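Everything below concerns the one structure shown next.
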Amino acid sequence: MESFLEAWDLICDYCKKQVTDVSYETWFSKLVPISLDFGAGVAIIQAPNEFNKSTIERGFHKCLNDAVQSVFGEAFTYKLITPMEKKEKERVPDDDEYEYTFETFIEGSSNKFACAACRYVAKEPAKNYNPLFIYGNSGLGKTHLLNAIGHELKKNFPDKDIIYVKGDQFANELIEAIRAGTTVSFREKYRKADALLIDDIQFIAGKESTQEEFFHTFNTLYESKKQIVLTSDRPPRDIATLEDRLKTRFEWGLTADVQPPDFETRMAIIKRKAELVGLSVPDNVCEFIAQKLKSNIRQLEGTVKKLNAIHLVEGATPTISTAQRAISDIVNNEQPAPVTVSKIIEEVGRTYGVFPEDIKSSKRNANVSFARQISMYVVREITQMPMVEIGKEFGGRDHSTVVYAIQQIEEKSARDPVTKATVSDIIKNIRDR
């Protein structure tokens with residue numbers, strides 16, 4: 001079962017890059033790996049209900065099937081079941097419960113300070129380091145540390161309310177609360193937490209209503225002596241469209257960075273990951289991987305997962321040759337996913353508090369029209385799509401409308417530093433996903 005869980009991470013990573021964030025959270029995030037039938041070449045996956053199952057089979061079959069085949073080979077396919085068809089005999093651990101703990105985190109010179117701060121916060125919340133702000137490039141272990149804090153807090157303080165959320169999820173929940181008229185319950189959820197752990201806080205930057213809400217949430221928790229831990233891909237001062245009052249508050253406590261691991265730490269990560277999945281990897285293979293992948297822990301772990309998947313399917317013992325295959329697959333999978341127009345519209349909508357469907361509609365109110373112009377500009381900047389094609393993506397508008405929109409945003413950015421910074425942050429956030 002643990003072996004399928006390892007492979008499941010790769011399947012999920014593949015799917016995340018093929019669909020929008022909303023589609024992934026709605027349809028894929030609740031799937032659970034059950035078992036592998038090597039004889040039949042089938043991966044058994046559980047959907048939470050019949051509606052979820054039929055939706056994936058009808059609308060996302062190719063995505064999930066391609067994901068399974070990318071890990072286990074073209075001879076494999078998948079089968080979805082529901083709890084009514086098969087009751088699990090034991091609970092499948094969540095991904096973060098399975099590996100994101102302090103025990104599985106490899107310390108080195110690049111992360112020693114940040115790790116020590118996280119351990120202290122988990123033991124003595126809100127005593128000294130509040131807030132704790134951890135920053136560093138993607139794939140260096142920030143999410144691991146944040147989850148480790150959460151698990152340790154739950155163990156040390158089982159009666160406390162510990163909330164873990166991603167920055168864009170916080171923004172999406174707020175938008176939905178405004179739409180549904182449930183902002184009171186939204187505020188109660190976050191402002192009554194004993195510890196609030198937010199991953200990728202940079203995604204609230206530039207979103208006025210989200211920043212306003214988080215400002216008051218932060219103040220309420222801080223004044224109540226509740227622990228706040230935030231992660232970001234950059235320090236507070238470098239988040240261009242983050243309000244100054246939030247930048248200041250983020251620096252009230254302790255700021256710690258994580259850097260790429262050195263060779264010894266990379267070796268330790270590879271060996272520890274192999275140990276966790278029960279795979280024997282020779283030293284020369286570990287050294288080969290550590291020399292090839294130098295700046296991203298996620299790639300190191302992904303390579304071990306791929307080696308294990310090859311071992312499961314082919315029975316092949318890890319060698320330099322199989323490691324070369326695994327590295328090739330992982331590096332290719334780690335390339336930025338093609339950015340779709342829908343992803344751009346979603347990010348712009350979150351930033352300006354406008355629903356994506358309104359941006360593509362014929363509505364002409366000022367805030368919607370401006371968000372539409374921003375969207376067209378960002379689509380052009382990121383995709384270099386022809387004006388005619390951009391117009392088709394926005395409800396079949398004429399290319400002259402797209403040209404005008406781009407000119408408007410270029411002119412406004414030239415004279416308004418806030419617009420320029422906001423657009424730059426939107427583009428960075430989209431490219432960093």
Side-chain angles (χ1 to χ4, degrees), residues 1-14 16 33 36 67 70-72 92-112 114-115 118-119 136-152 258-334:
M1 186 51 174
E2 290 181 356
S3 298
F4 191 16
L5 278 174
E6 289 297 313
W8 182 246
D9 291 342
L10 297 174
I11 292 170
C12 290
D13 288 344
Y14 183 99
K16 284 178 184 177
L36 290 172
S70 74
V71 175
F72 296 115
V92 179
D94 294 331
D95 176 68
D96 56 345
E97 290 179 330
Y98 177 66
E99 62 177 345
Y100 287 165
T101 63
F102 285 126
E103 288 69 30
T104 58
F105 187 82
I106 303 298
E107 286 190 51
S109 59
S110 60
N111 57 35
K112 192 176 185 64
C115 186
C118 290
R119 287 181 180 275
N137 290 336
S138 178
L140 296 182
K142 302 186 302 295
T143 297
H144 190 145
L145 285 173
L146 196 64
N147 277 277
I149 291 173
H151 289 301
E152 200 69 15
V258 288
Q259 297 292 330
D262 57 25
F263 178 79
E264 289 76 14
T265 304
R266 297 198 300 273
M267 285 286 290
I269 290 169
I270 295 166
K271 290 184 176 183
R272 177 58 173 159
K273 192 66 180 180
E275 179 186 329
L276 284 173
V277 301
L279 183 67
S280 177
V281 182
D283 286 346
N284 67 322
V285 177
C286 292
E287 290 174 6
F288 174 80
I289 297 169
Q291 288 168 348
K292 293 292 183 181
L293 303 176
K294 300 179 179 180
S295 61
N296 192 305
I297 293 172
R298 194 174 297 135
Q299 287 183 345
L300 294 171
E301 296 182 337
T303 299
V304 177
K305 292 176 184 177
K306 187 66 178 182
L307 282 175
N308 196 45
I310 293 171
H311 173 69
L312 285 172
V313 175
E314 302 176 6
T317 301
T319 63
I320 298 294
S321 177
T322 55
Q324 286 175 325
R325 284 173 55 193
I327 287 174
S328 174
D329 290 343
I330 295 300
V331 170
N332 288 338
N333 287 340
E334 287 288 333

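Because the structure is predicted, anything quoted here is derived from the model rather than measured.
- Residues N284 and I320 have side chains in contact (heavy-atom distance under 4.5 Å, counting atoms from C-beta outward).
- Atom CG in L146 sits 11.0 Å away from atom OH in Y100 (nearest 0.5 Å).
- At a threshold of 4.5 Å between non-hydrogen side-chain atoms, the residues L145 and F102 count as touching.
- Of all heavy-atom pairs between V281 and A274, the closest is CG2-CB, 3.7 Å.
- Contacts of R272 classified as side-chain contact (heavy atoms from CB on, under 4.5 Å), with partners at least two apart in sequence or in another chain: T104, I106, E275, L276.
- When atom types are taken as modelled, the side chain of S328 and the backbone of Q324 share no donor-acceptor pair closer than 3.5 angstrom.
- Shortest non-hydrogen contact noted between A148 and T101 is CB-C, 3.7 Å.
- Qualifying side-chain contact (heavy atoms from CB on, under 4.5 Å) partners for A67, counting only residues two or more places apart in sequence or in other chains: I11, Y14, C15.
- Judged purely by atom type and a 3.5 angstrom limit, N147 uses its side chain to pair as donor or acceptor with the backbone of T143.
- Of all non-hydrogen atoms in I327 and T303, the two that sit nearest each other are CG1-CG2, 4.0 Å.
- A donor-acceptor pair is defined here as one N or O able to donate and one able to accept, closer than 3.5 Å; such a pair exists between the side chain of T322 and the backbone of T319.
- A perpendicular orientation is assigned to the rings of H144 and F105, their planes being inclined by more than 60° (bins at 30° and 60°).
- In this structure T317 satisfies the side-chain contact (heavy atoms from CB on, under 4.5 Å) test with no other residue, sequence neighbours excluded.
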Which pairs of donor and acceptor atoms, one on a side chain in residues 259-269, lie under 3.5 Å apart (sequence neighbours left out)?
{"residue": "Q259", "atom": "NE2", "partner": "D257", "partner atom": "OD2", "Å": "2.6"}
{"residue": "D262", "atom": "OD1", "partner": "E264", "partner atom": "N", "Å": "3.4"}
{"residue": "D262", "atom": "OD1", "partner": "T265", "partner atom": "N", "Å": "2.8"}
{"residue": "D262", "atom": "OD1", "partner": "T265", "partner atom": "OG1", "Å": "2.6"}
{"residue": "D262", "atom": "OD2", "partner": "S109", "partner atom": "OG", "Å": "3.3"}
{"residue": "R266", "atom": "NE", "partner": "A290", "partner atom": "O", "Å": "2.8"}
{"residue": "R266", "atom": "NE", "partner": "L293", "partner atom": "O", "Å": "3.3"}
{"residue": "R266", "atom": "NH1", "partner": "P261", "partner atom": "O", "Å": "2.9"}
{"residue": "R266", "atom": "NH2", "partner": "A290", "partner atom": "O", "Å": "3.1"}

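- Put simply, the side chain of K273 never gets that close to the backbone of L300: no donor and acceptor are under 3.5 Å apart.
- By the salt bridge (charged side-chain N to carboxylate O under 4.0 Å, His left out) test, K271 pairs with D283, sequence neighbours left out.
- Atom CG of residue D9 and atom NZ of residue K305 lie 3.5 Å apart, to the nearest 0.5 angstrom.
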task: Run the numbers on S138 and R298 for side chain to side chain contact (heavy atoms under 4.5 Å, CB included), then give the verdict.
output: CA-CA 9 Å; S138 178; R298 194 174 297 135; 3.2 Å; yes
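- In this structure, CD1 on I149 lies 9.0 Å from SG on C115, to the nearest 0.5 angstrom.
- Within the model, atoms CD of E103 and NE2 of H151 stand 10.5 Å from one another, a figure rounded to the nearest 0.5 Å.
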